[in-house]
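Contents: one structure, followed by commentary.
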Amino acid sequence: MNLVDVKHFSFTYPNAKKVINDLSFSLEKGEMLLLCGNNGCGKSTLLRSLKPETAPKGVREGEMHVCQNSQILFQDCENNIIFRSAYEDLIFPACNSGMPEEKIKEKAAQVLLLFGIEHLKDRDTSTLSGGEKQMLSLAALLMLEPDLLLLDEPLAQLDEQAKAVFLEKLQLVQANGTAIIIAEHNTDDLLERAQKVLIFDNGKNTVYTKDMLPAAGVFPNMPAYVALEQKLKLPVKSFTKQEAVENLRACRENVGITPLTYNVPQTPAVLTCQDVTFSYGDAPVLENLSLQLRQGEIAFLTGANGAGKTTLLSLICGFSTPQSGNICLKKPHRIGYLAQNPVYSFLKDTLIDDFRFLLKQNRLPESKIEELFARYPMFSDLRALLEQNPLDLSGGERAKAAVFKLLLIGKDVLVLDEPEKHLDSGSMEELSGIFRDLAASGVSFLIVSHSPAFLYRTAHSVRYLSKGNLCDYTPQAYCTTLCPTPLYRAIQAADLPLLDIDEAEVTAHG
Amino acid sequence: MKHLHLSQLHPVTFLVFFTEILITCFTGEIAGLAVMFSCLLIYALLVKKAKTVLWALPLAAFILILNPIFYHGGETVLFTLWGYNFTLEAVENGIYSALLILCTMLIFTVLGSILGEEKFLYVFGRFFPKLALMISMIFRHFDLLGKSYEQTKNMAKVNGIYENDSTLWQKLKTNAVIFEAFTATALEGSIDTALSLSAKGYYSKKKTVIKSYRFCAADFVFMAVVTAIFACIFFKNPVLNLSATALLFLIPIFFGRGEKTA
């Protein structure tokens, strides 16, 4: 019997924006449906519509039958957390389901162990990092052994190790018969596990089974290894990593490869942290940490969830003071900052008023808005949203608008906390290009990110934060050894150097 | 002897104390309110980061200024401007309203965080789920307000939102924009939390209650003492009244030492 049956379903928001159009699909036990689409295409709307308690307001047409025992993980991890005590939050859905006390305790112990998050059990949820919150929320949902799991970008804030654990557990629940509908921009690890793919593209929404997928052609957020195969005009049939390795190996002799090069600019340092120590109460976070950011450098700050990356950024921006050590910003350089949750950057009721207010307060002309739209086509879809309230935008649209705001004021040291989070792969590529251009003109970047794909395209250098201190890596070493994604694994398995994806297309034609 | 923390009390004991504090606040005179505010502020600064409670000050200042501008009643005229009387009574009323709002906010922010959603839902969740949900959302909202204020203000400061403000009026206007923004964000957050509660089956009838709190001797003693002090507040003697108010509001400082709240 089908767990989900959707027939000719359409959804229109009260502002007349139709986001889902005549959608039909079904899902059986243990099947996974992967939702692929650009920012604001309706992925979250569909997921929320499938859970009656969270259905958005608007006009629904068509039929939708969904099994009773379904659980949803929201995109914004803040919204998944209710209580201050992590353990209370973990057992809350199970308590509401009337599960016997003994079973709740047993299950809680099991999932904590399974997810490797026993250390979070006694923590206050307000002190957890975004990734830790995400893991805790998924563990809470799995305590109920749901028939259907609805996941909205669950990997966005997870570090590589947590991602691997998360995917492993997902495979386990899928094998136990749970159907999964998952919206995710990073599909590298998911496409092979999915039986069906729903592609939102140009106002259409079509469901493909895996064998039909080649007919879809190029689609938003396709895995990076498939995108590379398509750029090289290689035959893609099964969309598997194995096929990608074979294809790349076969073309190795015929295609000219431009290895990716990374050059940290040899310019003076604009930001220096020296022997910085910081702790929350008795818990040390940073210990004698030193960091130097050069003019025009794009440095990525990576590390496990809860390692202290956001804390370091807040010290650099002056929101907190280190217990010892110095942080020095060379004059006349000035910092621009983007918080992990971009919602805090919006101050006005409409996007256009927000942009204007920011420019006015920074004594800059309003013409900058048009100037930036003309220079960076990536932001062109914001034009249609200028009269909307920023709080009503999708996660990706909000992230784009927040970055746009930062570019408007033109600061020369940009400190960004996961700017690529919730961005579709196309926008991520474009953002990478924008950052590279700005870096060439002297703007320095310190970026916290969990996306190796974004790092690979953008970074000059990588600082890995672990146990309160930093280790330096080249992006090449980081992507091949410390955190190899399926794309790098495929490239390595095909005995190719870490190639420049954009250049590879050109040389393929040559 | 082991130091007793407020968070160790039975939820019902704490709720009684919380209610008494709230009633005292709303029945207090201006002097009493000043005492309450001082005690609550000391307590707040002891258990919370200063930044998370100071967000209420601009609002209080706003009310303080607004009252004499719009209310012109009273007998003691301080000065006349554009034909309007600015009276001592209006200023006093402004101070009273500002203190009342500050005290209420501090009570919900600092004491509410000790009571916590889980204890509140434990007491009322089974019998009055909707009321319990609403009140726990208020607790959460006050918590989110502090966080939202800190984040919004930090981002605004770094990204040059205050750079164009040279006069006091411009600064006030910018702060009003920040206030509106962080309130909206926190409200939106509360709505999302309510949605999450609903999605997690909060309205289900067959709940399992795991956490069991024991009503022990310390609870009896604590409740008896605070209720006796609370009763003294209603005596007509102003000295006794003020002393009892001070004593009641000093309790959190004494018992709350070392209390960890986020």
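From a predicted model like this one, the values you see are computed outputs, not experimental measurements. So you know, we letter chains A, B, ... as the sequences are listed, proteins then strands, and number each from 1.
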Rounded to the nearest 0.5 Å, the SG atom of A:Cys317 sits from the NZ atom of B:Lys157 at a distance of 11.5 Å
Can you give the donor-acceptor pairs under 3.5 Å from side chains of residues 176-185 of chain B to other protein atoms, not counting sequence neighbours?
{"unit_1": "B:Thr183", "atom_1": "OG1", "unit_2": "B:Phe179", "atom_2": "O", "d": "2.5"}
{"unit_1": "B:Thr185", "atom_1": "OG1", "unit_2": "B:Ala181", "atom_2": "O", "d": "2.8"}

Within residues 338-350 of chain A, the residues sitting under 4.5 Å from chain B by heavy atom, in sequence order, are A:Leu338, A:Ala339, A:Val343, A:Tyr344, A:Ser345, A:Phe346, A:Leu347, A:Lys348, A:Asp349
When the 4.5 angstrom heavy-atom criterion is applied to A:Ile72 and chain B, the contacting part is side chain
Here the gap from A:Ile409 atom CD1 to B:Ile161 atom CD1, rounded to the nearest 0.5 Å, amounts to 7.5 Å
Residues of residues 351-364 of chain A with a heavy atom under 4.5 Å from any heavy atom of chain B, in residue-number order, are A:Phe357, A:Leu358, A:Lys360, A:Gln361, A:Asn362, A:Arg363
Taken in chain and number order and not counting sequence neighbours, the residues that satisfy side-chain hydrogen bond (donor to acceptor under 3.5 Å, both in side chains) with A:Lys51 are none
Counting heavy-atom pairs under 4.5 angstrom with chain A, the leader among B:Thr152, B:Leu195, B:Val158 is B:Val158
Scanning both residues in full, the closest heavy-atom pair of B:Ser198 with A:Glu53 reads OG-CB, 3.5 Å
*Are any of the side-chain heavy atoms of A:Asp89 and B:Lys200 separated by less than 4.5 Å?*
yes
**Non-hydrogen side-chain atoms of B:Leu197 and A:Phe92 separated by less than 4.5 Å** = yes
Comparing B:Ala199, B:Ser196, B:Gly189 against chain A, the one with the most heavy-atom pairs below 4.5 Å turns out to be B:Ser196
Here the gap from A:Leu408 atom CG to B:Asn159 atom CG, rounded to the nearest 0.5 Å, amounts to 11.0 Å
Is the count of non-hydrogen atoms from other residues, nucleotides or ligands lying under 6.0 Å from B:Tyr162 atom OH greater than 12?
yes
